[in-house]
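The structure presented is a predicted model; accordingly, all values stated were derived computationally and were not measured.
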Amino acid sequence: VGLMLGGILVVVDLINNAVLLNHAAIILYTVGMDLRSVLNAVIYRKATRLSQKARSQTTTGQVLTIMSSDGERLPRAIIGMGSMLVCLLKILIGMGQLMWIMGWAGFVANILLLASVPVPMKIGSYQGKVIGQLMQLTDRRVKLVNEGM
């Protein structure tokens with residue numbers, strides 16, 4: 001029974017990757033690129049309407065960073081959101097199968113799996129701090145390059 005369920009899971013995963021995920025990735029990336037275009041247009045419109053006082057508070061480097069790096073993250077984030085839903089379903093089905101096949105050992109394994117969830121969250125939090133520092137350095141670099149021109 002276990003080998004049959006494992007085989008079914010592999011076949012379904014292959015079909016999912018070959019057909020469904022690629023199609024979904026194309027659609028989601030297109031939506032993300034559309035959102036990026038809208039975001040860049042809104043930022044540009046806002047930047048052209050700023051008063052002189054507001055322009056002095058915001059550097060050109062900050063605006064360029066938002067339009068380039070942050071705008072590029074948007075399509076990837078949209079694809080990631082679609083993947084999160086699929087992965088959640090896969091994890092729940094896998095945990096259910098593990099408990100069904102292994103009994104109490106599967107239940108203990110699932111508890112250990114859930115207990116380890118805070119570790120990637122902590123790593124993600126640290127990554128966010130590092131990215132924030134990187135963005136500040138990028139803003140400074142762009143400002144210096146623009147002043148040099």
Closest non-hydrogen atoms of I78 and L28, given as atom of the first, atom of the second and distance, are CG2-O, 3.4 Å

Residues L98 and A109: closest non-hydrogen pair is CD2-CB, 3.9 Å

Criterion side-chain contact (heavy atoms from CB on, under 4.5 Å) on V108 and I111, from CA distance to verdict: CA-CA 5 Å; V108 171; I111 296 297; 5.6 Å; no

Which of V11, V12, V10 passes side-chain contact (heavy atoms from CB on, under 4.5 Å) with I8? It is V12

Drop me the distance from [X]'s [atom1] to [Y]'s [atom2], to the nearest 0.5 angstrom.
| X | Y | atom1 | atom2 | value |
| --- | --- | --- | --- | --- |
| I131 | Y126 | CD1 | OH | 11.5 Å |
| T48 | Y44 | OG1 | OH | 6.0 Å |
| N40 | R36 | CG | CZ | 6.0 Å |
| W104 | M99 | CH2 | CE | 9.5 Å |

Stepwise side-chain contact (heavy atoms from CB on, under 4.5 Å) check, L5 with L9: CA-CA 6 Å; L5 288 175; L9 190 61; over 6 Å; no

Applying side-chain contact (heavy atoms from CB on, under 4.5 Å) to T30 and not counting sequence neighbours gives I26, D34

Across all chains, not counting sequence neighbours, the side-chain contact (heavy atoms from CB on, under 4.5 Å) partners of I91 are M95

Over 12 foreign heavy atoms within 6.0 Å of CG, L88:
yes

Open item on the list: Is any side-chain heavy atom of L74 closer than 4.5 Å to one of M33?
Closed with: no

